[in-house]
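What follows is one structure encoded as structure tokens, with my remarks underneath.
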Amino acid sequence: MALLRSRRAIPYLLMAPGLLWLLLFFVIPNVQMLVFSLSEGTLRTGFTTPPDVWDIENYTGSISKFSGNFSNSIVYGGLATILCFLIGYPLAYAIAFKGGRWKNLLLFLVIAPFFTSFLIRTISWKIILGNDGPVLAIARDVLHLVPANFSIIGSPLAVVGGLTYQFLPFMVLPLYVSIEKVDRRLIEAAQDLYAGPWRRGGMIAGALFGAFALIALQVGLGYGAFIGEDAAPAAVAAAALVGALVGGLVGAFLISQSFIRVTFPLSLPGVFAASILTFIPAIGDYVNPQLLGSPKTQMVGNVIQGRFLDQNDYPIAAALAFLLMAGILLAIFLYAKLLGTEELTGGTA
Amino acid sequence: MTAAGSNVAVVGPTAGRRVGAFAERWLLKLFTVAAIGYLLVPILVMIVFSFNKPEGKFNFVWAEFSLDAWAAPLNRPGLSDALWTSILVAIVGTFFATILGTLIALALVRYRFRGRNATNLFIFVPMATPEIVLGASLLTIFVSTATLEPFKSIIPSGIFYPLGLPTIIIAHVMFNISYVVVTVKARIQGFDRHLEEAAMDLGANEWTTFWKITFPLIRPGIVAAALLAFSLSIDDFIVTNFTSGLVNTFPVWVWGTIRNNLPPQVHVIGTAIFLIAVGGVAIATWLQSRGGRTVAMRPR
């Protein structure tokens with residue numbers, strides 16, 4: 001009996017040190033941050049904490065004061081996630097289905113950016129997109145596509161581009177894992193049952209998605225007003241047209257019925273995991289907006305960072321961090337409902 | 001579906017199939033090459049700019065080729081200290097995170113116990129929390145130990161506050177535990193329990209069985225987890241920025257210096273770390289392929 005009882009304690013003993021660490025340095029700090037978010041005071045003056053004071057003003061005040069930063073975070077994070085998906089899905093598909101003997105090398109190249117520092121990668125984009133960098137040298141000086149005073153650094157485009165780059169591997173890897181798992185026999189079965197090109201359905205779906213994506217990009221990046229306020233509706237219409245055209249062509253010619261009826265639905269858990277893994281770090285980032293953006297493109301991470309580390313305004317910063325967390329949880333919840341995926345944690349896997 | 005099917009027949013299946021086959025063969029290849037190129041361009045830029053001799057204080061614009069920075073890679077105030085701190089933090093942090101995480105992974109895969117699913121979920125939460133929240137919450141608890149009751153009277157000042165090396169290591173162990181658990185778990189799950197039973201049948205006790213059978217078989221998973229933890233740790237900026245106080249790691253040093261200048265030494269160190277990491281992975285892959293596959297791993 002004593003032996004049985006001690007055996008039953010084994011898993012708890014094994015887990016105790018690690019879970020204790022997470023309790024002390026993950027759970028309690030978050031509780032403490034909640035306490036701070038309802039407190040008053042600064043590092044210098046000292047803090048008055050609950051139950052002496054319950055300062056809800058930290059929340060209500062910062063929502064209205066920093067709404068611009070919150071919307072920047074959501075828009076840039078969302079756009080980066082969409083772009084990562086558009087680049088990442090075909091890439092993951094190609095590696096999983098067409099990789100052949102190059103598969104391991106391709107996967108290695110996808111994670112190669114992780115072998116350099118996050119900051120240095122961002123600095124590289126500052127070089128590439130800079131006013132004296134190669135991209136503008138070609139677009140501005142050789143092709144004359146953009147006016148002489150046009151710059152990319154400081155614009156939302158640079159921030160979203162940086163975020164897209166940084167978190168693309170987070171998108172590709174989970175997608176690869178789930179596409180790789182798709183049973184090829186199911187695709188063959190679909191083709192035996194006359195699944196062909198997607199054609200009309202693909203054209204309509206592709207056109208709708210393409211139009212949506214380009215409108216989102218154009219409005220989100222603020223290029224609607226770029227040509228002048230009056231031209232904004234025309235610019236949006238043009239974006240929608242281009243998006244619809246490209247999307248329609250892709251849908252009609254490149255996407256097969258077996259893909260849309262078999263492969264894609266089976267990879268949905270991966271799509272879910274991948275977009276969450278991309279969206280969460282993207283929405284909380286402050287390095288890209290700081291190095292690639294301008295004061296106008298600051299995200300909520302910049303405010304949290306500044307309040308905590310420069311101004312030592314802990315109550316407001318803590319409230320902002322909690323609002324960010326709440327927003328992410330809400331987004332995950334809605335998204336899980338939308339995709340109908342219960343495999344948030346991969347179950348027991 | 002039948003409507004769409006008949007529709008295809010009207011348009012002409014052969015032409016469509018041919019376009020589709022062509023697209024699948026070439027467009028997808030082209031796209032893959034372009035996407036991989038996109039991922040690698042910033043690395044190439046980093047390597048190229050480590051050979052630059054910038055005109056101003058910032059290594060942002062190409063001026064002329066020079067080996068100056070490579071000849072004196074640590075010749076910046078504080079850079080060498082920051083680099084050593086990074087390496088120290090990564091080694092110590094990886095060591096503890098790997099042990100703590102592996103123990104949790106063993107418990108989660110090998111035992112059925114009350115609270116197992118809850119633990120699985122709980123392990124996932126730190127990975128789903130943005131780094132800025134992890135760092136910020138740690139900062140609040142560290143500050144609390146110096147400013148608020150009851151922490152102030154329980155925890156002597158100097159342990160967590162002022163911030164420094166210990167708080168950086170605490171933070172790195174914290175965010176790495178979950179990654180280690182997930183990585184090691186994936187490895188243990190493909191594990192053939194019969195080998196352990198065989199060892200026990202042949203008279204080995206549990207301790208011997210673990211060290212002679214279990215540990216050698218899950219070692220690749222532990223090594224992979226440790227490598228992952230090390231790379232996450234040495235590259236971490238956001239959490240470290242919140243918990244480092246006046247101590248610099250390499251990324252924190254870069255963040256500090258970029259307000260005033262950006263010497264090419266940053267690119268030299270970045271390139272060196274990249275080359276060492278790639279070389280390490282190449283050697284590990286080579287060793288693994290030489291060792292052949294472990295017989296005990298069941299194909300999934």
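This is a predicted model, so every value here is computed, not measured. Naming convention: chains lettered A, B, ... in sequence-line order (proteins, then strands); numbering from 1 in each chain.
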- Task: Could you have a look at B/P42, B/A107, B/P130 and say which one has the most heavy-atom pairs with chain A under 4.5 angstrom?
- Result: B/P42

- Task: With a 4.5 angstrom heavy-atom cut-off, could you sort out which part of A/Q290 is near chain B: side chain, backbone, both or neither?
- Result: side chain

- Could you go through the side-chain contact (heavy atoms from CB on, under 4.5 Å) check for A/F115 and B/V281 one step at a time? CA-CA 10 Å; A/F115 295 133; B/V281 170; 3.6 Å; yes

- Task: State whether the number of non-hydrogen atoms from other residues, nucleotides or ligands found under 6.0 Å of B/F96 atom CZ is greater than 12.
- Result: no

- Residue A/F47 versus chain B: region with a heavy atom under 4.5 Å: both

- Item | Structural part of A/L20 lying under 4.5 Å from a heavy atom of chain B | neither

- Note on the structure: d(A/I120 CD1, B/F49 CZ) to nearest 0.5 Å is 13.5 Å

- Task: Output every pair passing side chain to side chain donor-acceptor pair (under 3.5 Å) with a member in residues 22-36 of chain A, not counting sequence neighbours, ordered by first then second residue.
- Result: A/Q32-B/S144

- Task: Under 4.5 Å heavy-atom distance to chain B, tell me which part of A/I28 shows up: side chain, backbone, both or neither.
- Result: both

- OG1 (B/T32) and CG (A/L91) are apart, to the nearest 0.5 Å, by 6.0 Å

- Query: Checking side-chain contact (heavy atoms from CB on, under 4.5 Å) against A/L119, which of B/V252, B/I258, B/V254 comes through?
  - Reply: B/V254

- Nearest-0.5 Å distance, CZ of residue A/F97 to CG of residue B/L28: 11.0 Å

- Item | Which atoms of B/L148 approach chain A - backbone, side chain, both or neither, heavy atom under 4.5 Å | side chain

- Message: Can you tell me which portion of A/T49 sits under 4.5 Å from chain B's heavy atoms? Options are side chain, backbone, both or neither.
- Response: side chain

- Region of A/V287 that comes under 4.5 Å of a non-hydrogen atom in chain B: both

- Identify which part of B/R110 has an atom lying under 4.5 Å from any heavy atom of chain A, answering side chain, backbone, both or neither. neither

- Query: Non-hydrogen atoms of chain A under 4.5 Å away: do they reach the side chain of B/A128, the backbone, both or neither?
  - Reply: both

- What distance do B/D235 atom CG and A/F114 atom CZ have between them, rounded to the nearest 0.5 Å? 9.0 Å

- Query: Which region of A/L309, side chain (C-beta onward) or backbone (N, CA, C, O), has a non-hydrogen atom less than 4.5 Å from a non-hydrogen atom of chain B, or is it both or neither?
  - Reply: side chain

- Task: Would you name the heavy atoms of A/W21 and B/M174 that are closest together and state the gap between them?
- Result: NE1-N, 3.6 Å

- Note on the structure: So, the part of B/L134 with a heavy atom under 4.5 Å from chain A: the answer is side chain

- Under 4.5 Å, heavy atom to heavy atom: which of residues 34-41 of chain B reach chain A? Give them by number, or say none. B/A35, B/I36, B/Y38, B/L39, B/L40, B/V41

- chain A heavy atoms under 4.5 Å from B/F113: which part of the residue, side chain, backbone, both or neither? both

- Item | Proximity breakdown for B/F230 and chain A, heavy-atom pairs closer than 4.5 Å | neither

- Using non-hydrogen atoms and a 4.5 Å limit, figure out which bit of B/V109 sits close to chain A: side chain, backbone, both or neither. neither

- Message: Between A/P90 and chain B, with a heavy-atom cut-off of 4.5 Å, which part of the residue counts as in contact: side chain, backbone, both or neither?
- Response: both

- Taking all non-hydrogen atoms of both residues into account, name the closest pair between B/I132 and A/G284 and its distance. CG2-O, 3.8 Å

- Query: If you count heavy-atom pairs under 4.5 Å with chain A, which of B/A277, B/A136, B/A146, B/A186 comes out on top?
  - Reply: B/A136

- Query: Is it the backbone or the side chain of B/I170 that comes under 4.5 Å from a heavy atom of chain A, or both, or neither?
  - Reply: both

- Message: For the interface with chain B, which of A/L19, A/I255, A/T122 has the highest count of heavy-atom pairs at distances below 4.5 Å?
- Response: A/L19

- Query: Which distance, rounded to the nearest 0.5 Å, do you find between the CZ of A/F322 and the OG of B/S137?
  - Reply: 8.0 Å

- Message: Once you measure the plane-to-plane angle for A/F25 and B/F142, does it fall in the parallel (<30°), tilted (30-60°) or perpendicular (>60°) bin?
- Response: tilted

- Item | Contacts of B/S50 that satisfy side chain to side chain donor-acceptor pair (under 3.5 Å) - sequence neighbours left out | B/W70

- A/L14 CG to B/L100 CG distance, which is reported to the nearest 0.5 Å: 11.5 Å

- Item | Residue, of A/A94, A/G201, A/A317, that accumulates the most heavy atom pairs under 4.5 Å with chain B | A/A94

- From the list B/V133, B/T102, B/L108, B/V181, the residue making the most non-hydrogen contacts under 4.5 Å with chain A is B/V133

- Task: Show the numbers, then the answer: is there a side-chain contact (heavy atoms from CB on, under 4.5 Å) between B/R114 and A/Y12?
- Result: CA-CA 10 Å; B/R114 193 187 286 250; A/Y12 297 107; 3.6 Å; yes

- Would you mind checking which part of B/I99 comes under 4.5 Å of any heavy atom in chain A, side chain (CB onward), backbone (N, CA, C, O), both or neither? neither

- Message: I'd like to verify something: which residue of B/I276, B/I238, B/T147 has the highest number of heavy-atom pairs under 4.5 Å with chain A?
- Response: B/I238

- Query: chain B: which of A/P17, A/A16, A/A318 shares the most heavy-atom pairs with it under 4.5 Å?
  - Reply: A/P17

- Honestly, the part of B/L262 sitting under 4.5 Å from a heavy atom of chain A is side chain

- Query: Any side-chain heavy-atom pair from B/F31 and A/Y93 closer than 4.5 angstrom?
  - Reply: no

- Decide yes or no for A/I123 and B/M46: does some side-chain heavy atom of the first lie under 4.5 Å from some side-chain heavy atom of the second? no

Can you give each donor-acceptor pair under 3.5 Å made by side-chain atoms of residues 266-275 of chain B, sequence neighbours left out, with the distance rounded to 0.1 Å?
residue : atom : partner : partner atom : Å
B/H267  : ND1  : B/N59   : ND2          : 3.1
B/T271  : OG1  : B/H267  : O            : 2.6

- Message: Looking only at heavy atoms and a cut-off of under 4.5 Å, which of A/F26, A/F108, A/F36 has the most pairs with chain B?
- Response: A/F26

- Message: Report which part of A/T164 has an atom under 4.5 Å of a heavy atom belonging to chain B: side chain, backbone, both, or neither.
- Response: both

- With only heavy atoms counted, which part of B/V173 is less than 4.5 Å from chain A, the side chain, the backbone, both or neither? both

- Heavy-atom distance under 4.5 Å to chain A: side chain of B/W255, backbone, both or neither? both

- Report yes if the side chains of A/P281 and B/E131 come closer than 4.5 Å at any heavy-atom pair, otherwise no. no

- Note on the structure: Turns out that what part of A/I280 lies under 4.5 Å from chain B's heavy atoms comes down to both

- Please state whether the side chain, the backbone, both or neither of B/F122 comes within less than 4.5 Å of a heavy atom of chain A. side chain

